[in-house]
Q: 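Okay, here's the structure, questions in a sec.
What's counted below: heavy atoms across the whole structure, side chains too, no hydrogens, waters or symmetry copies. In listed order, ligands and their atoms are each counted from 1.
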Amino acid sequence: MLYKGIAASDGIAIGKAFVIEDEEFSAVKKPIAKEDVHSEIEKFKNAVIDTKLELEKAKGKVAKHFGKKHVKLFEAYIFIAEDPTFEKDVISKINKELINAEYALYNVIEKYSQVFDKIEDEYFRERGKDILDVGKKIMKHITGAHKKMLSEVTEHSIVFANNLTPTDTIVMKEENVLAFATNMGGVTSHTAIMARAMEIPAVVGMKDITTHAIHGQTVIIDGNEGVVIIDPDEDTITNYKRRQQLYIGEIKELSKYMDLPAVTTDGKKIVVASNIEIPEETKSVISHGSEGIGLFRTEYLFLNRREFPSEEEQFESYRMVVEKVFPNSVVIRTIDLGGDKLLPYFNLKEERNPFMGLRAIRFCLRHPEVFKIQLRAILRASVFGNVKIMYPMISGIDELRAANYLLNEVKKELSSKTIQYDENVEVGVMIEIPSAALTVDILVKEADFLSIGTNDLIQYTVAVDRINEYVTNLYDPLHLSILRLLKTIIDTGQKAGKWVSMCGEMAGDPLYTEILLGLGLEHFSVVSSSVLRTKKEVRRVNLAAAKKMADEILNDPSKRDIILRKIKQRRKH
Ligand code: PEP
Ligand code: MG
């Protein structure tokens, strides 16, 4: 059976399905005989031991990838599982009420959760969810029903899930998962972005694929075309093995662009840099012949943990990246938390429209104590290489000034303590909100560079949630409104003598390279695995012809489809 979804990360994989089921917490009450009490209690105790082992294993994996500081969540889970009062409560319930272990556990956890639900303080209220999570894990071990969880994924399998978080993708990389498919998600969701960064083929937005895939069945994922095939016949497998070889061949062929500059046929030099999410990706930046880092999404340092990373820890991460990439530059974006990247440990209210809520720079300006620590860490790292600072989600000049005010305060504080930093560090602004794009002439006067975040710019301009699979068809990077905004941003930035980059996913899609060059873009920042392909595209474009093409599509949007067809045709040869 063939199913179509959204092509989220390139590559073809053939393997066995590992279907992660949605966990829900429930149990049926069953009376037990007095002589069965002992065995029910043993069942519960063994499940607690198995849960602790599972958590220890997960903790080890996270520590390996994110460092020891990120394991606090797992430590807290283990602490709950080991809590003697909790154990006593469940055992006494089995004993006194003569009920099965599942129900006793369910009952105790439910009671605890209710108590936590009533707590005013959000931080403590959140801890109720941790208790529920631990309860689910123990329940799974008692029932042996074995609902599959990501932590148990086996090597070389293909994961199917309703939804996955960006950090789940890192766990999958660690476990050598071949590919994944999800019911939810869009091409610019951070899970999809992470899949491309980790080079795991993926298809997202499949709506109900988890109801079709059966655990252990042979499946094919074609991340290039956004196709999932369940239980393929021999001919289909042979066909996809051939496609897989062709794709691997194409990737190998790209290595010849490693040491070649990205220059158009008429001699215009273009910069192709990388986007990274975690410091470990620096290796990939270097191995793909990238010209530095155009976007370091630092918020990943803040995820999967129990408290904010300290100034020292942040400083070490930034310094490591900056030193490795030197003499190329690193654009360190200040944290963009919120949206689909939530902080479980900070007292923030749940928002109805998180992408339009207290996100990114808004969060930082509301919490200068958090922001200033990051700015201090970045400034301190700036003497170890070539650092630039960038603010996300700026909606207007007041926010830029407020952020710069805090930056200057931090600079003064460092100077007063004779702590060194690069006094000429460039400060740029992401243009990813229509209000910023429409006032870019004002913003550019107080910024050293601009970077266009098309992932958000498109979602806000066309009003299409970037992670909602039901409206993906409307998420159009070539919408006339977007092309007009891009032209305005690029022209205005360049006229002011500032450099303009694009770090949204549009920059890394070879379909758009020519049009973007035609619109005047000179700096591309893309996932590392797309650097060589982008260079290849740039090297076959004639800038004069590209400019004509961009003008044509701007003046007559009805030509859009013809032009796209032409580009696709040309790319085939
Ligand atoms: C963007 O919005 O295009 C961008 C690069 O930022 P993020 O994807 O992290 O929101
Ligand atoms: Mg963005």
Q: Applying side-chain hydrogen bond (donor to acceptor under 3.5 Å, both in side chains) as the test, list every pair that has at least one member in residues 191-201; sequence neighbours left out.
A: Arg196-Glu505
Q: Taking atom types as modelled and ignoring hydrogens, do the side chains of Ser290 and His288 form a donor-acceptor contact shorter than 3.5 angstrom?
A: no
Q: Any pair with a residue in residues 466-475 that passes salt bridge (charged side-chain N to carboxylate O under 4.0 Å, His left out), sequence neighbours left out, goes on the list, sorted by first then second residue, please.
A: Asp456-Arg466
Q: Report the relative orientation of the aromatic rings in Phe449 and Trp499; use parallel for angles under 30°, tilted for 30 to 60°, perpendicular for over 60°.
A: parallel
Q: Is any side-chain N of the basic residue among Arg533 and Glu250 closer than 4.0 Å to the acidic one's carboxylate O?
A: no
Q: Return yes when atom NZ of Lys548 has more than 12 non-hydrogen atoms of other residues, nucleotides or ligands closer than 6.0 Å, and no otherwise.
A: no
Q: Using a strict threshold of under 4.0 Å (side-chain N to carboxylate O), is an ion pair present between Glu351 and Arg359?
A: no
Q: Taking atom NZ of Lys269 as the centre, report whether more than 12 heavy atoms of other residues, nucleotides or ligands fall under 6.0 Å from it.
A: yes
Q: Closer than 2.8 Å to the Mg ion (ligand 2), which protein N, O or S atoms?
A: Glu432 OE1, Asp456 OD2
Q: Hey, are Arg540 and Glu514 close enough for a salt bridge, meaning a charged N less than 4.0 Å from a carboxylate O?
A: no
Q: Run through all N or O atoms in ligand 1 and write down each protein N or O closer than 3.5 Å, as a pair with its distance.
A:
| from | atom 1 | to | atom 2 | distance (Å) |
| --- | --- | --- | --- | --- |
| ligand 1 | 2 (O) | Glu432 | OE1 | 2.9 |
| ligand 1 | 2 (O) | Asp456 | N | 3.1 |
| ligand 1 | 2 (O) | Asp456 | OD2 | 3.0 |
| ligand 1 | 3 (O) | Gly453 | O | 3.4 |
| ligand 1 | 3 (O) | Thr454 | N | 3.1 |
| ligand 1 | 3 (O) | Asn455 | N | 2.8 |
| ligand 1 | 3 (O) | Asn455 | ND2 | 3.3 |
| ligand 1 | 6 (O) | Arg333 | NH1 | 3.0 |
| ligand 1 | 8 (O) | His190 | NE2 | 3.2 |
| ligand 1 | 8 (O) | Arg297 | NH2 | 2.8 |
| ligand 1 | 8 (O) | Asn455 | ND2 | 2.9 |
| ligand 1 | 8 (O) | Arg466 | NH2 | 2.8 |
| ligand 1 | 9 (O) | His190 | NE2 | 3.0 |
| ligand 1 | 9 (O) | Arg297 | NE | 2.7 |
| ligand 1 | 9 (O) | Arg297 | NH2 | 3.4 |
| ligand 1 | 9 (O) | Arg333 | NH1 | 3.1 |
| ligand 1 | 9 (O) | Arg333 | NH2 | 2.8 |
| ligand 1 | 10 (O) | Arg359 | NH2 | 3.2 |
| ligand 1 | 10 (O) | Asp456 | OD2 | 2.9 |
| ligand 1 | 10 (O) | Arg466 | NH1 | 2.9 |

